[in-house]
There are 2 protein chains.
Amino acid sequence: GDAEKGKAKSVSCQACHGAAGISQIPTYPNLAGQKELYLVAQLKAFRSQERKNMVMGPMAAGLSDEDINDLAAYYAGLNPGG
Amino acid sequence: GDAEKGKAKSVSCQACHGAAGISQIPTYPNLAGQKELYLVAQLKAFRSQERKNMVMGPMAAGLSDEDINDLAAYYAGLNPGG
């Protein structure tokens, strides 16, 4: 995916996952430096509800495959240390 | 949880998640520095199969709550950069 485009699409993610991909909320995962293909798989699972989550289901519902690839590229590219 | 005990219990996790919690397999997540309560919730979800995964289901099936808390403490405490 395209990390630059992903950054633009990540605005609605930042409230929970943090501006630098390090979450401020103890039950929400850090995404910075996570494996890109893992992130793609989870977003698709939330979108298809194969993986159920009250918050992420609606978040992922409107994402295209391209959005998912771009968001995954963006977060995977962030410094894991924040 | 107790990170030291968690380290001892993490032997079977290392093949996929890496000795320092950074996975060598692109579709398997890094765990190092992840949120402790998030890790607890995911291990419990795999154990109860609320979150379905062919690999993690059997892995988590035999874990006690204490094992889960110790493993989560161990991985959360690792350096996110590996």
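Per chain, numbering begins at 1; letters A, B, ... match sequence-line order.
Taken together through direct or relayed side-chain contacts under 4.5 Å among Ile, Leu, Val, Met, Phe, Trp and Tyr, A/Phe46 and A/Val40 form part of one hydrophobic cluster. Cluster annotation: B/Leu37 is not connected to B/Ile68 through the hydrophobic network of ILVMFWY side chains, with a link wherever side-chain heavy atoms come within less than 4.5 Å. Cluster annotation: A/Ile22 and A/Tyr28 are assigned to distinct hydrophobic clusters (Ile/Leu/Val/Met/Phe/Trp/Tyr, side-chain heavy-atom contacts under 4.5 Å, transitive). A/Val55 and A/Ile25 fall within the same hydrophobic cluster, defined by Ile, Leu, Val, Met, Phe, Trp and Tyr side-chain heavy atoms under 4.5 Å apart, directly or through other members.
When the shell of 6.0 Å around CD of A/Gln14 is examined, it contains more than 12 heavy atoms from other residues, nucleotides or ligands.
Interface remark: A/Gln42 contributes side-chain atoms only to the contact with chain B (heavy atom separation under 4.5 Å). Of the two parts of A/Leu39, neither the backbone nor the side chain holds a non-hydrogen atom closer than 4.5 Å to a non-hydrogen atom of chain B.
Between A/Gly81 and B/Pro80, the closest heavy-atom pair is CA-CG, 4.1 Å.
At least one donor-acceptor pair closer than 3.5 Å links the side chain of A/Gln34 to the backbone N or O of B/Asn30.
Taking NZ of B/Lys52 as the start and CD of A/Glu50 as the end, the distance is 9.5 Å to the nearest 0.5 Å.
Contact of the A/Lys35 side chain with the B/Thr27 side chain is not registered, since no non-hydrogen atoms from C-beta on lie closer than 4.5 Å.
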